[in-house]
Student: 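Okay, handing you the structure first.
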Amino acid sequence: MAGHAGIFTNANDLAKYFQLLLNGGSYGGYKYYEASTIKNFTSKQFPNNRRAIGFDKPTPAGQDGPTCDAASPESFGHTGFTGTIAWADPKNNLIFIFLCNRVYPSADINTLAKQGIRPKIQQVIYDAIGK
Amino acid sequence: MKKFRLILLTTYCLLSAVYSKAADPPFLKDTSCIWVDSILKTMTLDEKIGQLFMVAAYSNKDETSYQTIDKYIKEYKVGGLIFFQGTPQKQAELTNRYQAESKIPLWVGFDGEWGLGMRLDNTISYPRQLTLGAINNPDLIYDMGVEFARQMKRIGIHINFAPDIDVNSNPNNPVINDRSFGDNKFGVVRRGLSYMQGMQDNKILASGKHFPGHGDTDVDSHKDLPVLKHNLERLESVELYPFKQFIRYGVGSMMVSHLNVLALDGAPNFPATLSPKIVQEKLIDSMGFKGLVFTDAMNMKGITKYYPSGVAEVMAIMAGNDVMLFPEDVDAAIAGVRCAVLQDSIIPEELINRKVRKILAAKYWLGLNKYEPIKLDGIDADINSEQAKFLKFKLMENAITVPADSAHIIPILNLQKRIANVSIGSSKPTTFSTTLDKYTQIDHFFLPKDVSLATFSETLAKLKDYHLVIADIQDMSRFAAKNFGLTENSISFLKQLNKQNQTILTVLGSPYCLKYFQDFNTVLVGYNEEEEAESIAAQIIFGARGAEGTMPVTVGKFQYGVGECTQSNMRLKYGNPLEVNMSIKTLQKTDAIIYKAIEDKIFPGAQLLVVKDGNVVYEKAYGFHTYDNTIATKTTDLFDIASLTKVTATMPIIMKMQEQGKINVSHTLGEYYTYPEGCNKKNIVIKEMLCHQAGLPAWIPFYKNSLDATGNPDSLWYAKVQDAVFSVKILDSLFLKKSFQDSVWKMIYDCGLSPEKDYKYSDLGYYLLKQIIEKTYKDSLQNITRKYLYSPLGMNYTQYNPKWNGYDLNKIVPTEMEKNSGILCCWELYTIREQRCWAAWQAMPVSLPMQTI
C-alpha cells in the first residue's frame, strides 16, 4: 500500500470525492472539511510552480499542461501515469473524470499525452456549457 | 428539513382561476369569416355531410386499407381522419396523400393523451395523466401541452382528443383509471386546464372528455354500455364540474361518451352520445358550451350493441353532436345521414349548415385555409428532440411522490449500514437497482413473481440482519382487477418484511396498489417502470433529488394531495445535460475522440464522467479491457488510477490532519517523525515537498538492488512460497523478504536533496507522508481512508489491491503485461511509475511491484 499510487477505482466513486471537494467539504449530509482547508490545499503556493499542496493546477493558457485552456485558475486535480485524470473546477462547478488503461499492454509510447487527448476531451466538455 | 404538504382544496380553486382567463372556444370568432362563408357557399349537401365525419385511419396497414380511405375522401368527401397505430413517418406520408385528394383540407384527429406514444411507434410516451396528477407545477403541464402541439403539428395533426377530465372516483374503473388526473375534481381541473391551454395556445384543438364523466364506472364502454346511477346533485358536484370549468376557460371541443347516465336521461340502454337531453339540453343549452361536440368512437360496443351504423349517426346528429368519430360502417353511416336529410327530413339541412360552419371555423383557426403539405424529411429527429425527452424527465421528476415517511428514513444518511434491495417482480438488475448501486454497496435479492413460497421465506430469513431494506415492486399491472400485478405471496412477503425490517417500499406502478400496504410507514410511488422514474426514485432515496409529487388519489391512509418534501442536493444526481444547461450534442463529441483513440490503439478501454452542478450528466464506458475485445468496459469496472492516488488517498488525510492540528504543512517532516541520525529528510518543509520543490529526486530504482546479475529476482530477496521471512506478496508465486523494506527506507533516507529546490515531480514525499499518517493514527493508510472517507462517502469500489481482496478479475481493467520468469501474467498489479521514470524502468528486464514496499 503506497501513498503515491496503487488505488483502483472507477469514475463514479472518484466523482463523489471530487464533489465533496467542490462542495467545500460536505457530502451526503456530513461535513468532512472546512471549506477554507480545501481552498488552501487546492491553491497555488509558490511563484514559478503551478502546483497546489498535493493537487495539480492548470498551466497558463497556451502552455502544455494537464488541462485544456478553458479550465479556470481555481481548478485543481491530478493525472495518473496509466492515462487517468480527475479535475474539479469550482468556478464552473464542473468535474471531469477520465480513466483509461493506456499502459496496456505496455507503457512504452505515451501517445495519450503526446496527442493531448485528455485536455481535448476536457475542452469539449467546457464547450458544451451554456449551449 | 422535512415538511408535510397537504394542499388545500381551496388553494386549487384559487390557483386554477389565477392561471386561466374565462374565454370562448378559440375559433368561435372565425365562424363568419370570409373563408368560411366562401367555402360553405360552394358546398354540396354530400360535402357538408362528409364534414360531419372523421374516419379511422392507420399507418401500419396495407395499401388496400389506404385505398379505402382514398374512397371515403373522394366519394363521401369526409371532412377528417382520426389516426390510430402506425409510425409518424408513414402517417405524415399518408396525410399528404389524403390531403391532396380532398377538396376542402382535412382535419386530422389523434388520441394522444400521453403524447404520440399512445398510438405511434418510435415516439415518446409521456407520463399518463394519473402521474401528472401528482405534479404541483402547472407550468410544467402547460409546457407538455405546448410540446404535444409542436410534435403533433409536425406530422399534420390538428386535434388531440385530450385531456381526459374524468374524476376517477372509482378505483376499480377498468377504462379510465390512470388516464385520469385523479380522484379530486379541483386537481383534475387545475391540471387539465394547463394541458388544454398549452395545446390550444399553440393551435392544436383540445377536447375535454368523456362527457358527462366516465370516472365512476365499472364497465368499459369499449365493451358494453356502462350505467351511471348517481343523482343529479352528485353529477353536478363531481362529474360535471371539470366540464363546466373547461367551458368557462374556452376548451375548443368536448367528446361525449357512451354512458347511460340515468339522472340526465332515464331512457334505458340509451348512451349519452345519442341523447338530446344530455348533449343538446345539458351540455349546449344549460352549460352553455359553444365549441365543437365530438362523439366518442361510434364503433364501440357501448353504441353498436344497441344501435347499428346509419341509425346511430343520425341520432347522434339529432342529439347535438357536430362530428362523429370512427363510424363502424362508414358506408351505412353516410347513407343513413343522407337519407335522414333528403328523404325523411329528420335532419334539417340548416342544422347541418350550422355544424359545418363551426367545423370550417375551427379548420380556419387551425390554419387549414393555408394548407401546406408536411415536410417529410427529419420527422423522427424533430419529434424526438433532446428537449422533448428532457420534458418527460422533468415531468417524472416532479411527479414522484413520497406519501409517507414517518420514520424519516428518506434520504438515507448513514451508508455504513447494511442495506439490501429486494425487487419483487424482477429477475435481473433494473435501472432502479443499478441507480441504487451508484450510491453505496447494496445487496440485491430478485424475486420474480413466480418464485415459490419457500423462496419468499428463505429471502425473508436472509434479510433479517440488514439495517434497512429497500423493496421495489416491478412488472405491475395498471388494473385493480389484476391486483396491480401483485400475487398474494408477494403481498404477504412484503407485509412480513415490513414487520421484520425497517423498509422503504418503492411502488413502480399504480398508487392504487397502496391499498395492500396500509401498514407501511415509508413509501415512495414512482408511478411507472420507465427508466427516468426508476432512476429518479433511487436518487430520491439517497437524497440527490427531493420528492416533489403529491398523491393524485386517496388510497386509505394515503390521502390525496399528501407528499413529503424530502431533502435534495445531498448527493450526486444522475440527470440530463439540459438540466444544467449543457449541450448533449457537444458532449457526445467526446465519444468521437475516445473511439478514435481506441481505434489508434492508444488505449483499449476507458471511462468518462462529467459532473456539472452536482449532476452527473455524462457517464460512459468505452472499448474493451484489452485489444482482443473480449471484455467490454463497464462504468463500474476498476481502473488503476496511478498518481491520482496522491490526491485521493494521501491528501484527504493530510488535509484532515491539518484541520485537527496533527500536522502543519508549513512545518518540517522532522517535527512529526523521528528520522535516523543525520538524515536530511527531517528538514524538508512539507508544503514544499507536496508542491514538488523540496529537492527530492524524481525516484529511486529500489528494485535494482533486489535483482541478480542476470536481472532476475535474486533468491537472496525472493522466494516462490510465502513464509515468515519472505512475507511480502509480489505475485502469486513471488514473495519478497520483509527486510527488503528496511533497505528501501534506507535508500529513501540516504538519497541526496538538490540544493536548488527547483520544481521536480517526485513520488518520494508520499512515502514519507504515509509513514507520518500511519504513525499518527496507528493504522494503515488503507484502513484510515476506508474508514473515514471511502466508506462514509459510499466509495465502496475504491481500494488497494482489489485482486488480492478477491475482486472479480473480469471487473478490473488490466494495466501492463508483466514478465515473470518467462510467464506472461497481465493481471498482476504493480505500482505505477510516473512517465518521466519510464526510460529507466524500461532498461530493467523484470518489472516488480513497488506498491508493496
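The figures here come from the full heavy-atom set of this structure, side chains too, leaving out hydrogens, waters and symmetry mates. All chains are named by letter (A, B, ...) in the order of the sequence lines, taking the proteins before the strands, and each is independently numbered beginning at 1. Source: prediction; values computed, not measured.
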Student: Let me know which of Tyr618(B), Tyr622(B), Phe603(B) forms a ring-ring contact (aromatic ring centres under 6.0 Å, His included) with Phe98(A).
Tutor: Phe603(B)
Student: Report which part of Glu34(A) has an atom under 4.5 Å of a heavy atom belonging to chain B: side chain, backbone, both, or neither.
Tutor: both
Student: Where on Phe18(A) is there a heavy atom nearer than 4.5 Å to chain B: the side chain, the backbone, both, or neither?
Tutor: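 For Phe18(A), the contact with chain B is made by the side chain alone.
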Student: So what's closer than 4.5 Å to chain B heavy atoms on Gln115(A): side chain, backbone, both or neither?
Tutor: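 For Gln115(A), side-chain heavy atoms alone lie under 4.5 Å from chain B.
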Student: Measure the shortest side-chain to side-chain distance between Tyr104(A) and Tyr627(B) over non-hydrogen atoms and say whether it is less than 4.5 angstrom.
Tutor: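 Yes, their side chains come closer than 4.5 Å.
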Student: Relative to chain B, which of Leu21(A), Thr84(A), Leu99(A) shows the most heavy atom pairs under 4.5 Å?
Tutor: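 Among the listed options, the one with the most contacts to chain B is Leu99(A).
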Student: Counting only non-hydrogen atoms closer than 4.5 Å, does Ala52(A) touch chain B with its backbone (N, CA, C, O), its side chain (CB onward), both, or neither?
Tutor: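 Interface part for Ala52(A): backbone (N, CA, C, O).
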Student: Which atoms of Asn414(B) come close to chain A, meaning under 4.5 Å heavy atom to heavy atom: side chain ones, backbone ones, both, or neither?
Tutor: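 When you check distances to chain A, atoms from both the backbone and side chain of Asn414(B) fall under 4.5 Å.
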Student: Are side-chain heavy atoms of Lys687(B) and Phe46(A) found at a separation under 4.5 Å?
Tutor: yes
Student: Under 3.5 Å, is there a donor-acceptor pair linking the side chains of Tyr574(B) and Asn12(A)?
Tutor: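 Present: a donor and an acceptor within the cut-off.
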Student: Are His4(A) and Leu764(B) close enough that some pair of their side-chain heavy atoms sits under 4.5 Å apart?
Tutor: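 No, every pair of side-chain atoms sits at 4.5 Å or beyond.
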Student: Which bit of Tyr32(A) is near chain B, if near means a heavy-atom gap under 4.5 Å: side chain, backbone, both or neither?
Tutor: both
Student: Taking the side chain as C-beta and beyond, is there a heavy-atom pair between Met582(B) and Ile125(A) under 4.5 Å?
Tutor: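 Side-chain contact under 4.5 Å: yes.
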Student: Between Thr111(A), Val124(A), Asn49(A), who has the most heavy-atom pairs with chain B when the cutoff is under 4.5 Å?
Tutor: Asn49(A)
Student: So which part of Thr590(B) gets closer than 4.5 Å to some heavy atom of chain A, the side chain, the backbone, both or neither?
Tutor: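 For Thr590(B), the contact with chain A is made by backbone and side chain together.
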Student: Measure Gln658(B) against the heavy atoms of chain A and call it side chain, backbone, both or neither at under 4.5 Å.
Tutor: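 Looking at Gln658(B), just its side chain touches chain A.
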Student: Is atom NZ of Lys39(A) surrounded by more than 12 heavy atoms (other residues, nucleotides or ligands) closer than 6.0 Å?
Tutor: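 Counting other residues, nucleotides and ligands, NZ of Lys39(A) stays at 12 neighbours or fewer.
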Student: In this structure, which one of Val610(B), Asp613(B), Val580(B) forms a side-chain contact (heavy atoms from CB on, under 4.5 Å) with Leu94(A)?
Tutor: Val610(B)
Student: Given a strict heavy-atom distance threshold of 4.5 Å, which part of Gln799(B) is in contact with chain A: side chain, backbone, both, or neither?
Tutor: both
Student: Sort out for me which of Leu22(A), Leu14(A), Asn40(A) touches chain B most, counting heavy-atom pairs under 4.5 Å.
Tutor: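 Of the options given, most contacts go to Leu14(A).
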